[in-house]
Amino acid sequence: MAALAVVRDLREHWAPVSAEELERFETDVLSGFVLARASAGLADGTIRGDVGHLDQIRSWFGRPLWDMEPADADAYFGKVLRSSPSGTRLARSQALTTYFAFLELRHKVELHQMTGRVVECPIDEMNRPRGAKDAHLRIPPSEPEVGTLFTGWGGELATCRKFAPTARNYTASKLMSQVGLRVSEACKLDLADIKWDLGRFGKLHVRHGKGARGSGPRERMVPLINGADRTLRWFIEDVWGQFDEDHTRPGAPLFPSERKSTDGSSRRVGDDALRSGLKDAAKAHLPGWGETLTPHILRHFCASQLYGNGLDLLAIQEVLGHSWIATTMRYIHVQQTRVEDAWVAGTERAAKRLEGLVR
């Protein structure tokens, strides 16, 4: 009891500091938070996102975040962000929770000495935003529908006003549907990233794959299966030269822009051009999906098609570049009749085995 009394007595004594000193300390703490997250290997974009969330909360609160109480978090998430998307609420809550964990681990003693406060996260089990960022399903079109899209799009190449950019958008989208490339990955590919001598079909060296939980680029080698090798050979042999003449230039983009650099070489295409190209093609050739078909949905289609054609989950995980098999499982959307077909096939096999035993 004496030891507890001493602790309680220490908490009652603290040396108040000036507003200027607190302001400097708050700035230093945020700088330390950024450095610590960078040391943990998080990507710059992820860190900027967290700092942006903290700045939004700080602007609303009007005081250093370490002064926040659960009641303040109740008001912010229950009123200010009540109608915001669930992803925004979850991201902001996670950023605040992480920041308070940093305060508790690194600055608990200093904060108590300066303010008399004991650091405690205002997010608890009662007010923590529920849900998940990926709660909505991205069910892709069926294989015949995607076939209709690319058949119509391919036929358009013979009559379109701008053949090269249309063929580029067609090829990038085809690769998304065949081997599940992300649109950001497609934009950053170089010609040299195609490794024709690797494996049976050749491979794509995806150097800028998305890392898990914002951990930065995660490289992977994507085999050119599912017809991706034919798609790429056609594009390089018949289309690429209409953008640029030098196939050997270091850093030459696989998917060039129509815009030129100062040296006359083609720049790298942006994701907006690929997204709008897919959207326009869907409106023209698959009207039911004109407003909803995105590169990411083509990635879901790829996973579902590969699974339906017999690839196991681990192989699909490797193709898509997922860190966790659970993520890959969310990308698999089986046809409505798959369960029934599997049941019929199973009962037929069982009946044949039984018939063999009776004989």
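Residue numbers start at 1 and run along the sequence shown.
Enclosure of atom NZ in Lys195 by more than 12 non-hydrogen atoms of other residues, nucleotides or ligands within 6.0 angstrom is indicated. Heavy-atom neighbours of Glu219 CD from other residues, nucleotides or ligands within 6.0 Å: above the threshold of 12.
For the pair Leu274 and Val269, the minimum side-chain heavy-atom distance is below 4.5 Å. For the pair Phe33 and Ile47, the minimum side-chain heavy-atom distance is 4.5 Å or more. Side-chain contact between Leu189 and Ile194: absent, with no pair of heavy atoms (C-beta onward) separated by less than 4.5 Å. Within the 4.5 Å cutoff, the side chain of Ile236 has heavy atoms near those of the His247 side chain. Looking at heavy atoms from C-beta onward, Arg48 lies out of side-chain contact with Val51 at the 4.5 angstrom threshold. Here the side chains of Arg259 and Ser266 are not in contact, with every heavy-atom distance at 4.5 Å or above. Val183 places none of its side-chain heavy atoms less than 4.5 Å from the side chain of Leu298. Between Cys187 and Asp271 the shortest side-chain heavy-atom distance falls below 4.5 Å.
Linking ILVMFWY residues whenever their side-chain heavy atoms come closer than 4.5 Å, directly or via other members, leaves Leu198 and Val206 in distinct clusters. Tyr331 and Met329 end up in the same hydrophobic cluster when Ile, Leu, Val, Met, Phe, Trp and Tyr side chains are linked at under 4.5 Å. A single hydrophobic cluster is not seen to contain both Leu35 and Leu42; linkage of ILVMFWY side chains at heavy-atom distances under 4.5 Å, directly or through other members, places them apart. Ile332 and Leu314 fall within a single hydrophobic cluster, where Ile, Leu, Val, Met, Phe, Trp and Tyr are joined by side-chain heavy atoms under 4.5 Å apart, directly or via other members.
In this structure, Trp66 has its ring center at least 6.0 angstrom away from the ring center of Phe61. Taking the six-membered ring for Trp and the full ring otherwise, the centers of His107 and Phe100 sit at least 6.0 Å from each other.
For the residue pair Phe77 and Ile123, the shortest heavy atom distance occurs at CE1-CD1, 3.5 Å. Looking at every heavy atom in both residues, Trp60 comes nearest to Val80 through NE1-CG2, 3.3 Å. Nearest heavy-atom pair, Met68 versus Arg117, reported as atom, atom and distance to 0.1 Å: O-NH2, 4.1 Å. Closest non-hydrogen pair, Ala186 versus Leu181, comes out as CB-CD1, 4.4 Å. What you find for Arg268 and Pro253 is that their closest heavy atoms are NH1-CB, 3.7 Å. Closest approach of Trp196 to Leu224, counting heavy atoms only: CZ3-CD1, 3.8 Å.
Side chain of Arg37 to main chain of Asp44: no donor-acceptor pair is present (N/O by atom type, distance under 3.5 Å, no hydrogens or angles). When atom types are taken as modelled, the side chain of Asp72 and the backbone of Glu69 share a donor-acceptor pair closer than 3.5 angstrom. Between the Gln317 side chain and the His322 main chain, a donor and an acceptor come within less than 3.5 Å of each other. Ser177 places a side-chain N or O within 3.5 Å of a backbone atom of Lys174 that can act as its donor or acceptor partner. Not one N or O on the side chain of Ser173 forms a donor-acceptor pair closer than 3.5 Å with the backbone of Tyr170. At least one donor-acceptor pair under 3.5 Å links the side chain of Thr294 to the backbone N or O of Ile297. Looking only at distances, a side-chain donor or acceptor of Asn127 sits under 3.5 Å from a matching main-chain atom of Pro122. A donor-acceptor pair under 3.5 Å is formed between the side chain of Arg218 and the backbone N or O of Gly321. A donor-acceptor pair under 3.5 Å is absent between the side-chain atoms of Glu237 and the main chain of Trp234, judged by distance alone. Put simply, the side chain of Thr327 never gets that close to the backbone of Ser323: no donor and acceptor are under 3.5 Å apart.
To the nearest 0.5 angstrom, Leu254 atom CG is 11.0 Å from Arg168 atom CZ. Taken to the nearest 0.5 Å, the CZ atom of Arg275 stands 12.5 Å off from the CG atom of Asn169. Taking CE of Met114 as the start and CD of Glu110 as the end, the distance is 7.5 Å to the nearest 0.5 Å. Separation of atoms CG (Leu103) and CG (Leu65) is listed at 8.0 Å; rounding is to 0.5 Å. Summarising the geometry, atom CG belonging to Asp193 is positioned 8.5 Å from atom CE belonging to Met221; distances are rounded to the nearest 0.5 Å. Rounding to the nearest 0.5 angstrom, the gap separating the CG atom in Asp50 from the CZ atom in Phe102 is 12.5 Å.
If you run side chain to side chain donor-acceptor pair (under 3.5 Å) between His300 and each of Gln305, His333, Arg330, only His333 comes through.
The pair Arg63-Glu26 does not count as a salt bridge, with every side-chain nitrogen at least 4.0 angstrom from each carboxylate oxygen. Salt-bridge formation is detected for the pair Asp190/Arg207: a Lys NZ or Arg NE/NH1/NH2 atom is positioned less than 4.0 Å from an Asp or Glu carboxylate oxygen. The pair Arg220-Glu185 meets the salt-bridge criterion, with a side-chain N (NZ, NE, NH1 or NH2) lying under 4.0 Å from an Asp/Glu carboxylate O.
Note: Phe243 and Phe235 have tilted aromatic rings, judged against thresholds of 30 and 60 degrees for the angle between ring planes.
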Please report the C-alpha distance between Gln56 and Ser59 in whole Å, then the side-chain angles of each, then the deciding distance to 0.1 Å, and finally whether the side chain to side chain contact (heavy atoms under 4.5 Å, CB included) criterion is met.
CA-CA 5 Å; Gln56 291 283 339; Ser59 297; 5.8 Å; no
Between Phe301 and Glu143, is the side chain to side chain contact (heavy atoms under 4.5 Å, CB included) condition met? List the steps.
CA-CA 8 Å; Phe301 167 78; Glu143 192 166 345; 4.2 Å; yes
Apply side chain to side chain contact (heavy atoms under 4.5 Å, CB included) to Leu320 and Arg299, showing your working.
CA-CA 8 Å; Leu320 297 185; Arg299 189 167 153 84; 3.8 Å; yes
Audit row: Glu21, Ser18, side chain to side chain donor-acceptor pair (under 3.5 Å) steps and yes/no
CA-CA 5 Å; Glu21 288 177 299; Ser18 67; 3.2 Å; yes
Steps toward side chain to side chain contact (heavy atoms under 4.5 Å, CB included) verdict (Ile225, Val179):
CA-CA 7 Å; Ile225 57 175; Val179 290; 4.2 Å; yes
Run the numbers on Arg267 and Glu258 for salt bridge (Lys or Arg N to Asp or Glu O under 4.0 Å), then give the verdict.
CA-CA 7 Å; Arg267 297 182 184 179; Glu258 293 176 276; over 6 Å; no
Hey, mind stepping through Ser265 and Lys260 against side chain to side chain donor-acceptor pair (under 3.5 Å) and telling me if it holds?
CA-CA 5 Å; Ser265 60; Lys260 301 291 184 179; over 6 Å; no
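Side chains of Ser184 and Lys210: no donor on one and acceptor on the other come within 3.5 Å.
The side chain to side chain donor-acceptor pair (under 3.5 Å) contacts involving residues 87-103 comprise His53-Arg92, Tyr76-Arg92, Gln94-Thr98, where partners must be two or more places apart or lie in separate chains. Each side chain to side chain donor-acceptor pair (under 3.5 Å) pair with one or both residues in residues 152-162, not counting sequence neighbours, appears once here: Glu156-His285.
Thr292 pairs by the side chain to side chain contact (heavy atoms under 4.5 Å, CB included) definition with Trp289, not counting sequence neighbours.
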